[in-house]
Amino acid sequence: MPILKIVLNPNPSLREIAAEVSQSEIKNGSLKQTIVDMVETMFAKDGVGLAAPQVSIAKRLIIVNTKQGALAMINPTLSKLSFGQEWDEEGCLSLPHTFGKVKRHKSIRCEFITEQGDKKKIEAKGLLARIIQHEIDHLDGILFIDKAKDITENTYNL
Ligand code: ZN
């Protein structure tokens with residue numbers, strides 16, 4: 001199982017609007033190996049989330065790390081956003097040494113399709129809500145540095 005190559009900023013792939021995954025792609029199982037590889041890549045790189053455009057796949061697919069393990073979300077959409085927002089630090093596997101504070105909704109509802117093709121929705125708050133918002137931004141070509149304040153570049157090898 002290969003670890004996928006993560007594209008780094010600035011790379012035009014990170015700025016594309018990713019395409020919806022079609023019903024036939026879900027039914028014919030062509031994404032299954034991609035999902036396995038993305039999960040493996042996320043864990044290998046100590047990430048908490050990974051969006052398909054970060055591995056040069058321009059499709060609306062994200063992996064997020066939850067307490068129950070890695071969750072693949074196909075065509076995710078935010079359907080409910082809390083009024084309350086909060087700032088917290090974020091990083092990104094495509095910007096390995098950059099960190100900054102980003103304002104995100106404290107809680108969200110996200111509707112998506114599972115790799116089995118089932119429609120599902122989850123309510124998330126705190127860190128998981130933040131990860132989902134960050135990863136969905138990737139599908140629209142948005143990076144956290146577009147929204148961040150107090151950006152720092154840590155170039156030390158720790
Ligand atoms: Zn990211």
Side-chain angles (χ1 to χ4, degrees), residues 1-21 31 33-82 85-115 122-158:
M1 302 297 115
I3 303 289
L4 303 171
K5 188 170 183 292
I6 292 178
V7 295
L8 301 178
N9 185 55
N11 181 303
S13 316
L14 294 171
R15 294 305 190 175
E16 284 172 23
I17 309 282
E20 292 258 319
V21 176
L31 283 179
Q33 189 59 46
T34 302
I35 289 170
V36 168
D37 293 343
M38 283 180 67
V39 169
E40 197 171 346
T41 303
M42 178 182 76
F43 286 127
K45 303 288 181 187
D46 286 327
V48 289
L50 187 65
Q54 291 182 276
V55 290
S56 306
I57 298 169
K59 294 195 169 140
R60 303 191 81 82
L61 163 65
I62 64 173
I63 310 292
V64 295
N65 195 6
T66 74
K67 288 190 179 107
Q68 288 78 36
L71 174 65
M73 305 168 89
I74 297 167
N75 296 340
T77 56
L78 297 171
S79 57
K80 197 173 155 190
L81 301 166
S82 64
Q85 299 187 52
E86 62 193 350
W87 292 90
D88 208 346
E89 183 148 279
E90 292 188 16
C92 180
L93 293 174
S94 294
L95 296 100
H97 305 290
T98 306
F99 299 90
K101 289 200 171 76
V102 183
K103 189 158 96 170
R104 302 283 188 192
H105 296 280
K106 287 183 186 175
S107 64
I108 57 151
R109 180 190 292 155
C110 184
E111 302 188 18
F112 64 99
I113 301 169
T114 67
E115 59 184 299
I122 60 166
E123 313 255 342
K125 58 182 184 182
L127 179 61
L128 183 57
R130 176 170 294 276
I131 295 167
I132 292 170
Q133 290 171 83
H134 175 119
E135 300 310 331
I136 289 178
D137 272 354
H138 275 299
L139 305 182
D140 294 318
I142 298 167
L143 298 175
F144 83 92
I145 47 169
D146 303 344
K147 302 177 165 184
K149 66 174 188 184
D150 301 341
I151 295 175
T152 58
E153 301 271 347
N154 175 4
T155 52
Y156 298 104
N157 284 315
L158 297 175

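Every heavy atom of this structure was used, including side-chain atoms; hydrogens, water molecules and symmetry mates were not. Each ligand, and each atom within it, is numbered from 1 in the order the structure gives.
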Any donor-acceptor N/O pair, R60 side chain to V21 backbone, under 3.5 Å: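 Such a contact is absent between R60 side chain and V21 backbone.
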Atoms listed for the Zn ion (ligand 1) (protein only, N, O or S, under 2.8 Å, no waters) are C92 SG, H134 NE2, H138 NE2
NE2/H138 to OG/S94 distance, rounded to the nearest 0.5 angstrom?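 Answer for the NE2-OG pair, H138 versus S94, is 5.5 Å.
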Atom pair CG/NZ of L93 and K45 - distance to nearest 0.5 Å: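 NZ of K45 is found 8.0 Å from CG of L93.
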Under a 4.5 Å cut-off applied to non-hydrogen side-chain atoms, are L128 and E123 in contact? no
Side chains of L143 and N9, heavy atoms from C-beta outward: is any pair under 4.5 Å?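 Answer yes - side chains close enough.
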L81 and its side chain to side chain contact (heavy atoms under 4.5 Å, CB included) partner, picked from R104, R109, H105: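 The single option meeting the side chain to side chain contact (heavy atoms under 4.5 Å, CB included) with L81 is H105.
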